[in-house]
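Heads up, the thing below is written out as structure tokens.
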2 protein chains.
Amino acid sequence: MSRFGMYAKFTAQSGKRDALVEILLEGADSSQSMKDCELYIINISDTEPDTVWVTEVWSNAEAHKASLTREETKMAIQRAMPLIAGVETIKMRPLGGKGL
Amino acid sequence: MSRFGMYAKFTAQSGKRDALVEILLEGADSSQSMKDCELYIINISDTEPDTVWVTEVWSNAEAHKASLTREETKMAIQRAMPLIAGVETIKMRPLGGKGL
């Protein structure tokens, strides 16, 4: 089965980026125990003050989908929703390289 | 000093994606010896047949810039150029998460 990769671009409500980053970093911590989650990296932009990029790699698409149904994830999404103005995603198939 | 992150979107000349992927995977191999290169992952798209995304994380922006002047990198760029129709980059500041 192929790996699953995604870049998720979150646009935070004005002034809420850092609060959103905190929730996403907590999510990354909680993903440490999920062996199917290979990468979950939170990035900010030096030019777009409301943008947060999340880089994700999962061992397969089903594992990513299943993670969204975990109670912990659903609670984090509920906390994050009021901070988010928009989300765009770019899905991809990781082939390899350094760090995988 | 902050980490430096980049998503690079390569659009291959029609039919040349896989040849471009090969060169990029070789580049990832050669980056194994560069300790300032933390991630260099090659991805393809299931929906855009000419697209290759490269996810990069470096320990700082200067290390990324310096890597482009290495003889090995310059030779790889020369081999890749005829295969590439376009490049767009998104630069970012990685804050942390799983895999860093």
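Throughout, a chain's letter reflects where its sequence line sits, starting with A, and its residues are numbered from 1.
- No path of Ile, Leu, Val, Met, Phe, Trp and Tyr side chains, each step under 4.5 Å between heavy atoms, connects B/M34 with B/V57, placing them in separate hydrophobic clusters.
- Interface residue A/I42: backbone and side-chain heavy atoms are both found under 4.5 Å from chain B.
- Annotation: maximal heavy-atom pairing with chain A below 4.5 Å, among B/N43, B/L39, B/L24, occurs at B/N43.
- When the heavy atoms of residues 6-22 of chain A are compared with those of chain B, the residues falling under 4.5 Å are A/Y7, A/V21, listed by number.
- Note on A/Q32, A/E56, A/E48: by heavy-atom pairs under 4.5 Å with chain B, the leading option is A/Q32.
- Among residues 81-100 of chain B, the residues having any heavy atom closer than 4.5 Å to a heavy atom of chain A are, in sequence order, B/I90, B/M92, B/R93, B/P94, B/L95, B/G96, B/G97, B/K98, B/G99, B/L100.
- Ranked by non-hydrogen atom pairs under 4.5 Å with chain A, the options B/V54, B/D29, B/T55 are led by B/T55.
- Within the 4.5 angstrom heavy-atom criterion, only backbone atoms of B/E38 (N, CA, C, O) approach chain A.
- Under a hydrophobic-cluster definition in which Ile, Leu, Val, Met, Phe, Trp and Tyr are linked whenever side-chain heavy atoms come within less than 4.5 Å, directly or via other members, A/W58 and A/I41 are assigned to different clusters.
- Cluster annotation: A/I77 and A/M75 are assigned to distinct hydrophobic clusters (Ile/Leu/Val/Met/Phe/Trp/Tyr, side-chain heavy-atom contacts under 4.5 Å, transitive).
- Contact count versus chain B (heavy atoms, under 4.5 Å) is highest, among A/S45, A/C37, A/G5, for A/C37.
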